[in-house]
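In each ligand, atom 1 is the first atom listed, and ligand 1 is the first ligand listed. These values consider heavy atoms only, across backbone and side chains, with no hydrogens, waters or symmetry-generated copies. As the structure is a prediction and not an experimental result, all values here were calculated from the model.
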Amino acid sequence: MDNTKKVLIIYTGGTIGMKNTSMGYKPAPGFLKEAVEAIYDMSRPDFPAWELVELDPLLDSSDMAYREWNKIASVIYENYNDYAGFVVLHGTDTMAYTASALSFILDGLDKPVILTGSQIPLSELRSDGRDNLVTSVMIAAECVVREVALYFSGKLLRGNRAMKMSADGLVAFDSPNYPHLAEVGINVKYNAPALYRTKKKAISFCPFSEVPIGVIKVFPGIQFGLFEEIMAEKLSGIVLETFGAGNIPGGGSELLPIIKKAFASGSVITVCSQCPSGTVTLGAYHASALLKQAGAVSGFDMTTEASVAKLYHLFSLGISKDEIKRLMETDIAGELTEL
Ligand code: ASP
């Protein structure tokens with residue numbers, strides 16, 4: 001291992017550095033640093049050089065939103081030339097959202113940014129945080145993966161394809177619609193054809209603005225009329241989580257006029273699937289055929305997490321609604337498989 005390649009570890013909050021209090025787990029300033037310094041591997045001479053910064057305030061990741069995503073990205077952007085790679089220690093609950101957001105905010109990224117965390121705090125027995133941290137730093141220093149990725153329990157995943165799959169299992173993440181970037185056992189086995197390479201010449205920082213985004217999950221018996229006001233007047237970007245390949249109850253008869261109205265007022269409605277794996281194919285069934293006609297776009301095999309982040313990104317660019325619609329159906333950071 002070339003330990004001249006320095007890695008910047010950014011602690012944002014999350015279980016990995018949390019302390020157990022009378023009111024449950026909470027991040028505490030300085031607490032993670034102590035636990036990290038106690039890990040023998042982190043100070044071995046053959047381990048990559050690293051530095052740790054802690055964000056203020058440290059958060060449970062359920063409190064993270066676009067401002068925090070911008071802040072994490074700005075720390076990476078401002079330190080981009082001084083480090084070989086970056087490790088972002090983050091709560092698991094919304095890690096897939098942050099990973100997706102960073103993949104859009106850091107346009108043209110050509111270095112490793114590895115998000116990780118743990119289900120058991122580093123300071124406790126049997127913490128999964130030790131391997132997650134040590135391996136993430138090694139992967140970040142190696143620079144084989146040059147994109148936003150998420151490492152957890154032996155799997156390296158593309159950040160904007162990842163999903164949290166388990167609330168209490170240690171194998172908590174997967175990317176059902178994209179091959180793993182690496183499998184980590186005795187060795188790190190990279191999956192070279194799956195790795196993303198930017199075509200951009202340089203990195204640029206594209207922060208998100210405050211955009212009214214909503215996710216609506218379709219369920220049997222949904223009364224779309226109840227959502228008319230928020231869809232047509234309040235939200236700009238809407239992710240519609242539909243059944244299977246993009247189907248909605250009633251073939252869209254109740255929803256279509258709402259979509260048309262929402263579209264006319266500048267909203268973009270993206271159709272995703274509630275199934276973790278597979279793709280949306282608008283028109284495969286009568287139950288989805290009219291959605292596209294009304295102006296909705298297909299999210300194909302994008303996760304809801306990536307779709308939300310992509311809507312923030314595209315609306316923040318200040319481009320036209322037609323361009324947003326076109327780009328929602330186009331792969332721009334490895335987040336979607338174009339048919
Ligand atoms: N609630 C915690 C968080 O997301 C859970 C975790 O880190 O595992 O910050």
Side-chain angles (χ1 to χ4, degrees), residues 9-36 38-39 42 52-73 75-76 86-103 105 113-137 139-140 148-157 159-175 184 208 213 215 276 303-306 308-309 312:
I9 305 171
I10 303 163
Y11 180 47
T12 68
T15 296
I16 190 162
M18 282 189 184
K19 210 174 190 169
N20 203 357
T21 71
S22 57
M23 294 282 285
Y25 284 105
K26 224 178 122 187
F31 192 64
L32 174 106
K33 191 162 178 266
E34 258 174 57
V36 168
I39 301 174
M42 299 289 294
L52 173 72
V53 288
E54 236 179 52
L55 298 191
D56 180 26
L58 294 171
L59 293 175
D60 185 295
S61 76
S62 43
D63 286 326
M64 298 234 181
Y66 78 96
R67 284 194 189 86
E68 288 72 30
W69 301 336
N70 288 343
K71 185 163 151 189
I72 299 166
V75 173
I76 296 170
F86 300 85
V87 170
V88 178
L89 298 179
H90 194 285
T92 58
D93 289 342
T94 66
M95 196 186 290
Y97 284 93
T98 302
S100 299
L102 295 181
S103 77
I105 301 173
V113 171
I114 316 296
L115 282 91
T116 195
S118 69
Q119 296 279 57
I120 304 173
L122 263 185
S123 58
E124 293 192 3
L125 283 174
R126 291 186 52 248
S127 174
D128 49 331
R130 272 173 225 117
D131 170 66
N132 286 347
L133 170 61
V134 166
T135 304
S136 295
V137 174
I139 290 171
V148 178
L150 188 156
Y151 176 73
F152 220 88
S153 54
K155 296 181 211 169
L156 185 70
L157 312 172
N160 56 30
R161 296 290 197 145
M163 298 171 99
K164 184 171 179 181
M165 310 294 280
S166 172
D168 53 11
L170 299 186
V171 186
F173 288 87
D174 209 344
S175 57
V184 182
F208 290 176
I213 305 273
V215 179
T303 60
T304 296
E305 293 87 331
V308 166
Y312 269 105

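- Of the protein's heavy atoms, S61 OG, 2.5 Å lies nearest to atom 4 (O) of ligand 1.
- Of the inter-residue distances, the one linking Y11 atom OH with L58 atom CG reads 5.5 Å to the nearest 0.5 angstrom.
- Exactly one of I16, N132, V171, D128 qualifies for a side-chain contact (heavy atoms from CB on, under 4.5 Å) with Q119. That residue is D128.
- In terms of protein heavy-atom proximity, atom 1 (N) of ligand 1 is nearest to D93 OD2, 2.8 Å.
- Closest to atom 5 (C) of ligand 1 among all protein heavy atoms lies T15 OG1, 3.3 Å.
- Here's the thing with K164: none of its N/O atoms is less than 3.5 angstrom from an N/O atom of ligand 1.
- Close approach of ligand 1 to S118 is summarised as follows: ligand atoms under 4.0 Å from at least one heavy atom of the residue are 8 (O).
- The contact set between ligand 1 and Q119, taken as ligand atoms under 4.0 Å from a residue heavy atom, comprises 8 (O).
- We find the OG1-CG distance between T12 and L115 to be 8.0 Å, quoted to the nearest 0.5 Å.
- Using a 4.0 Å cutoff on heavy atoms, P27 does not count as a contact of ligand 1.
- The aromatic ring centroids of Y66 and F208 lie 6.0 Å or more from each other.
- Nearest non-hydrogen protein atom to atom 8 (O) of ligand 1 is T92 OG1, 2.5 Å.
- In this structure, K19 contributes its side chain and P121 its backbone to no donor-acceptor pair below 3.5 Å.
- Checked against N160 for a side chain to side chain donor-acceptor pair (under 3.5 Å), the options S103, S175, S100 give a single hit: S103.
- Rounding to the nearest 0.5 Å places NE2 of H90 at 8.5 Å from CG of L59.
- In the vicinity of G14, heavy-atom distances shorter than 4.0 Å reach the ligand 1 atoms 7 (O), 9 (O).
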